[in-house]
Amino acid sequence: MSKSWRKISITIFIALLFLCILFVAFSFVNGSPYTAQSISDEYDLPIGQSMFENQSILGKNNPIELPLISNGGFLLHQLAALDIQGIVMSLSTGIVPFDFSTISSEGIDSYGNVVDIEGPGYLTFEGDKLAVKGPDHYVWGYSAPYKWLEKTEKGVDVVENGTVVKSVPADEIKNLNYSNDYYNNETLRSWYNYDAQVGSTFTLEKGMSGFSDGRNNISSADVPLIFGQDVVDYAAEYPTGSPILLYSGNYTPQAGEVYGTTLGSHPEYGDGLREINTIQFVEAWNGTIIPPNSTSSGKDYVYFESASDAEAPGGSAAHGVCPPARALRAAVTAEGFDLPVGMSWDENAVMFGFNPANDITVTNNHDYPVKLIMWTEGSGTGMGIYCQVIRYIPNE
């Protein structure tokens with residue numbers, strides 16, 4: 001660069017700096033009429049929406065541009081960013097971009113972009129300022145129906161986010177094209193014909209609601225975008241309304257004691273059938289993650305075989321579930337949790353009338369999540385059955 005051009009550049013920069021100072025001084029004299037609430041109201045900012053690094057808090061709105069003559073102070077953030085092109089544009093057009101640093105406290109830069117956030121943050125108010133708060137150690141919510149079938153007098157309604165999008169006559173239910181790893185058209189027909197009453201519902205897709213940090217509910221389509229496909233897969237396995245750990249970070253897993261038992265022999269109920277039910281119980285509970293101060297059942301879509309039992313209501317019961325239930329009971333009560341709902345302290349640990357997978361519930365009274373691990377070793381009546389609690393201890 002020649003000396004003459006360098007001199008001209010310095011002169012231009014000093015002139016721009018002088019003009020910026022004049023506009024800033026003029027703006028300070030007049031004061032700013034903008035507040036976080038007024039900007040949020042006028043531009044319909046998505047308060048409560050999940051947000052990521054570099055995303056604009058304006059969502060789909062256009063950038064906020066204001067008259068320079070009454071908002072000269074907003075040149076200051078362009079100057080701080082050494083945005084010479086932006087300053088020149090503002091001075092030449094008389095339009096200046098809004099400076100979000102004047103109404104924000106954290107997580108938002110002066111141009112309204114999300115900064116310094118790891119993981120899915122969310123837009124909120126912090127006092128009288130806007131802020132994008134990053135996730136704490138954990139974020140959890142509850143699975144909620146987003147798309148479902150509702151049985152009617154004539155067939156089913158397909159409901160999405162509370163709105164009926166299609167009505168299907170009973171003789172056309174066989175043509176519905178809804179399925180995943182856990183249900184298909186045959187499942188839907190069986191539900192309609194044998195399980196459902198008028199008004200009963202069958203969840204097809206799950207969104208998330210009741211977030212631990214207060215962020216907005218999200219649709220089924222947004223769950224994988226914000227929290228990942230693993231969350232979708234986990235939620236699909238558990239009953240609607242289950243607590244779901246959506247995000248975890250900066251924690252150390254800590255293993256609790258291992259508690260175990262053996263299947264044993266009760267040939268009067270069929271030891272082969274009992275072994276099948278034991279394996280199903282372990283499948284239902286292995287990998288269950290319970291957020292802090294939350295209650296969860298085991299998985300949905302896990303089925304058990306019944307054996308004749310004159311003492312059971314209806315004359316049959318799912319024998320073989322009590323040995324794994326005893327292992328689960330020992331592990332969770334050793335953590336200081338209450339006796340699971342649907343269990344007793346007896347040798348026959350599972351109470352009659354409770355589905356061993358989705359009716360029994362465990363309440364985590366810790367201030368951090370826990371994961372239940374169950375497994376078997378060997379086979380037959382000598383099969384070993386084990387349970388362990390993994391604690392997600394937050395790092396300081």
Side-chain angles (χ1 to χ4, degrees), residues 137-144 180-182 203 206 208 210-212 223 227-248 251 253-261 277-304 318 320-343 349-351 354-377 385-394:
H137 295 285
Y138 318 106
V139 176
W140 66 94
Y142 294 84
S143 65
N180 62 17
D181 291 341
Y182 307 100
T203 300
K206 298 175 183 177
M208 292 291 158
F211 286 92
S212 58
V223 175
F227 294 106
Q229 184 62 37
D230 287 349
V231 167
V232 178
D233 296 339
Y234 181 94
E237 291 188 291
Y238 288 81
T240 302
S242 297
I244 309 294
L245 185 66
L246 302 162
Y247 171 86
S248 57
Y251 71 92
Q254 182 184 87
E257 294 293 325
V258 176
Y259 293 84
T261 186
N277 284 343
T278 289
I279 293 171
Q280 290 296 90
F281 187 102
V282 169
E283 167 64 23
W285 284 93
N286 181 42
T288 298
I289 301 174
I290 311 178
N293 300 297
S294 300
T295 299
S296 180
S297 73
K299 299 180 180 74
D300 221 347
Y301 309 113
V302 176
Y303 303 99
F304 300 90
V321 298
C322 289
R326 292 196 294 270
L328 174 63
R329 180 182 67 190
V332 300
T333 55
E335 282 293 306
F337 301 168
D338 290 338
L339 176 69
V341 171
M343 287 192 189
V350 177
M351 298 172 64
F354 285 83
N355 182 292
N358 54 35
D359 283 342
I360 290 174
T361 59
V362 174
T363 298
N364 170 18
N365 58 22
H366 293 331
D367 292 329
Y368 48 81
V370 298
K371 183 176 184 177
L372 306 180
I373 303 295
M374 294 198 73
W375 69 97
T376 62
E377 295 180 1
I385 308 157
Y386 303 94
C387 185
Q388 184 178 41
V389 174
I390 306 297
R391 311 175 190 112
Y392 288 8
I393 305 296

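- Rounding to the nearest 0.5 angstrom, the gap separating the CD atom in Glu335 from the CG atom in Leu372 is 9.5 Å.
- Using modelled atom types, one side-chain atom of Asn365 and one backbone atom of Gly336 make a donor-acceptor pair closer than 3.5 Å.
- Residues Lys206 and Val223 fail the side-chain proximity criterion, which asks for heavy atoms closer than 4.5 Å.
- Smallest separation of non-hydrogen atoms from Val350 and Ala325: CG2-CB, 3.5 Å.
- Within the 3.5 Å criterion, the main-chain N or O of Val321 finds no donor-acceptor partner in the side chain of Asn277.
- Annotation: the span from Phe304 atom CZ to Thr278 atom OG1 amounts to 9.5 Å, rounded to 0.5 Å.
- Annotation: the span from Gln254 atom CD to Tyr392 atom OH amounts to 13.0 Å, rounded to 0.5 Å.
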* Where do Phe354 and Val341 land on the side chain to side chain contact (heavy atoms under 4.5 Å, CB included) test, with the steps shown first? -> CA-CA 9 Å; Phe354 285 83; Val341 171; 4.1 Å; yes

* Begin from the C-alpha positions of Ser143 and Met208 and carry the test side chain to side chain contact (heavy atoms under 4.5 Å, CB included) through to its verdict. => CA-CA 5 Å; Ser143 65; Met208 292 291 158; 4.2 Å; yes

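- Counting only distance, with no hydrogens or angles, the side chain of Thr261 and the backbone of Ala327 share no donor-acceptor pair below 3.5 Å.
- Between atom CD1 of residue Ile244 and atom OH of residue Tyr142 there is a gap of 10.0 Å, rounded to the nearest 0.5 Å.
- Ser297 approaches Trp285 most closely through the heavy-atom pair C-CH2, 3.5 Å.
- Nearest heavy-atom pair across Val302 and Gln280 is CG1-O, 3.5 Å.
- The two residues Ile393 and Tyr138 come nearest to each other via the heavy atoms C-OH, 3.6 Å.
- Closest approach of Ile373 and Asn286 over heavy atoms only: CA-OD1, 3.5 Å.
- The shortest distance between side-chain heavy atoms of Tyr251 and Arg391 does not fall below 4.5 Å.
- Using cut-offs of 30° and 60° for the angle between ring planes, the Tyr182 and Tyr301 rings count as parallel.
- The two residues Tyr259 and Ala334 come nearest to each other via the heavy atoms OH-CB, 3.2 Å.
- Judged purely by distance below 3.5 Å, without hydrogens or angles, the side chains of Ser296 and Thr288 never pair a donor atom with an acceptor atom.
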* Step by step, would you call Gln388 with Trp375 a side chain to side chain contact (heavy atoms under 4.5 Å, CB included)? -> CA-CA 9 Å; Gln388 184 178 41; Trp375 69 97; 4.1 Å; yes

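- Met374 CE to Ile385 CD1: the interatomic distance, rounded to the nearest 0.5 Å, is 7.5 Å.
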* Give the intermediate values and the outcome of side chain to side chain contact (heavy atoms under 4.5 Å, CB included) for residues Met343 and Ile360. => CA-CA 7 Å; Met343 287 192 189; Ile360 290 174; 4.0 Å; yes

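- To the nearest 0.5 Å, atoms OG1 (Thr361) and CD1 (Ile290) are separated by 9.0 Å.
- Within the 4.5 Å cutoff, no side-chain heavy atoms of Ser294 are placed close to those of Asn364.
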